[in-house]
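A quick write-up on the structure given underneath.
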Amino acid sequence: MKKIISLALTLALLLAMTACGGSSGSSSVPSPGEPGESGEPAPGPEAGPVTILIAAAASLEYSLRDELIPMFQDKHPNITVEGTYDSSGKLQTQIEEGLEADLFFSAAQKQMNALVEKDLVDAGSVVELLENKLVVIAAAEGEIRTLPDLLKAEHVALGDPESVPVGQYAKEALENLGLWESIQPMVSFGTNVTEVLNWVAEGSADVGVVYATDAATTDKVVVLTEAPEGSLATPILYPAGIVSASQKKEAAGLFLEFLQSEEAMAVFQKYGFAAA
């Protein structure tokens, strides 16, 4: 009987020790985003330094580079945002060819829709952020001052309608106004809206068609007129979305969320954009 009692006590002691050991060893490292012992969320997978690339239409360069990217990086010092700026058509092609961009910010829906259809941009991430206006500009020192004077111009600068959204909009408006065919002998096509603006500002072209936001960046051009009502079938909208192949979607999503904020929209409006 004494042996049985002794054996029972030994087993009880071993079980108690095992229970204590299991309790002390049960603490584990929380998964990213789950609360730790302090109650604070554990660092996510992108808590360390991250660099993301935004492929954005040329007309967005000043607002993004000079103000919005620095504002965002002040809020998220671990995230560096780099930008590449060109016509939306060129950027579309580059993404199709493997450009390692994380976010695409287009000056037209056509290019964004094409990438979504090819599953190269996450459809669920796309938001229409901004609206712009189309304007006819002339050199500030030139002689052309009214829209009918357009036919007197020796050189007309337009974006290439094959790849540049501002050129596509310009062609649509000029066709609807009955001017497209008559100005063809005078037209030079630029590779993006910034090139068109610079040609007119420098006097290489007498007139050009650009976005209102671009015309507002220099005093070397004057605005003759906005595209007349009805000359464009749809508004000029700027959508943004996350590139499907991005390995940094969390950081890209944070930047896209910031671009939709009231403070970001105030900056866009300062540059002449309107909220979509």
Side-chain angles (χ1 to χ4, degrees), residues 30-36 38-88 90-91 94-95 99-107 111-112 115 121-122 124-133 192-194 197 211-219 236-276:
S31 301
E34 292 181 354
S38 65
E40 295 296 325
E46 294 176 359
V50 177
T51 298
I52 61 173
L53 177 65
I54 179 170
S59 52
L60 292 161
E61 182 172 2
Y62 294 111
S63 58
L64 288 172
R65 183 196 64 196
D66 296 346
E67 296 203 43
L68 290 167
I69 288 175
M71 286 170 61
F72 175 77
Q73 291 180 157
D74 284 344
K75 293 176 178 292
H76 301 277
N78 64 307
I79 303 175
T80 299
V81 182
E82 296 179 348
T84 180
Y85 307 96
D86 211 323
S87 73
S88 300
K90 281 190 174 181
L91 295 173
Q94 290 172 15
I95 291 172
L99 175 68
E100 294 183 358
D102 301 289
L103 198 64
F104 179 45
F105 201 164
S106 176
Q111 287 74 23
M112 182 65 75
L115 291 178
V121 168
D122 291 342
S125 72
V126 177
V127 291
E128 292 178 353
L129 277 178
L130 306 173
E131 183 176 351
N132 211 337
K133 300 294 183 183
N192 57 53
V193 68
T194 303
L197 176 70
Y211 299 121
T213 51
D214 294 279
T217 64
T218 176
D219 58 4
I236 299 173
L237 298 177
Y238 283 52
I242 297 173
V243 177
S244 300
S246 170
Q247 299 299 306
K248 304 160 189 174
K249 291 184 179 181
E250 181 179 337
L254 284 173
F255 188 50
L256 181 56
E257 183 179 351
F258 167 74
L259 293 178
Q260 299 172 68
S261 68
E262 289 185 6
E263 59 181 330
M265 197 57 61
V267 173
F268 282 128
Q269 290 170 345
K270 186 173 78 172
Y271 282 81
F273 293 99

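All values below were derived from every heavy atom in this structure, side-chain atoms included, with hydrogens, water molecules and symmetry-related copies excluded.
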From Phe255 CZ over to Gln73 CD, what is the distance, rounded to the nearest 0.5 angstrom? 8.0 Å
Ser59 vs Tyr238, test: side chain to side chain donor-acceptor pair (under 3.5 Å). Steps then yes/no. CA-CA 10 Å; Ser59 52; Tyr238 283 52; 2.8 Å; yes
Measure the shortest side-chain to side-chain distance between [X] and [Y] over non-hydrogen atoms and say whether it is less than 4.5 angstrom.
| X | Y | result |
| --- | --- | --- |
| Glu82 | Thr51 | yes |
| Leu103 | Ile52 | no |
| Phe273 | Leu129 | no |
| Leu254 | His76 | yes |
| Tyr271 | Leu68 | no |
| Leu259 | Val127 | no |
| Arg65 | Tyr85 | yes |

Minimal non-hydrogen separation, [X] against [Y], with atom names:
| X | Y | answer |
| --- | --- | --- |
| Leu53 | Thr84 | CD1-N, 4.0 Å |
| Thr217 | Thr213 | CG2-O, 3.3 Å |
| Leu99 | Ala55 | CD2-CB, 4.3 Å |
| Ala107 | Ser88 | N-OG, 2.9 Å |

Parallel, tilted or perpendicular: which one describes the rings of Phe268 and Phe105, with boundaries at 30° and 60°? perpendicular
Quick one: does Lys249's side chain have a donor or acceptor within less than 3.5 Å of a partner on Asp102's backbone?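 Not at all, since once roles are kept as given, no pair shorter than 3.5 Å links the two residues.
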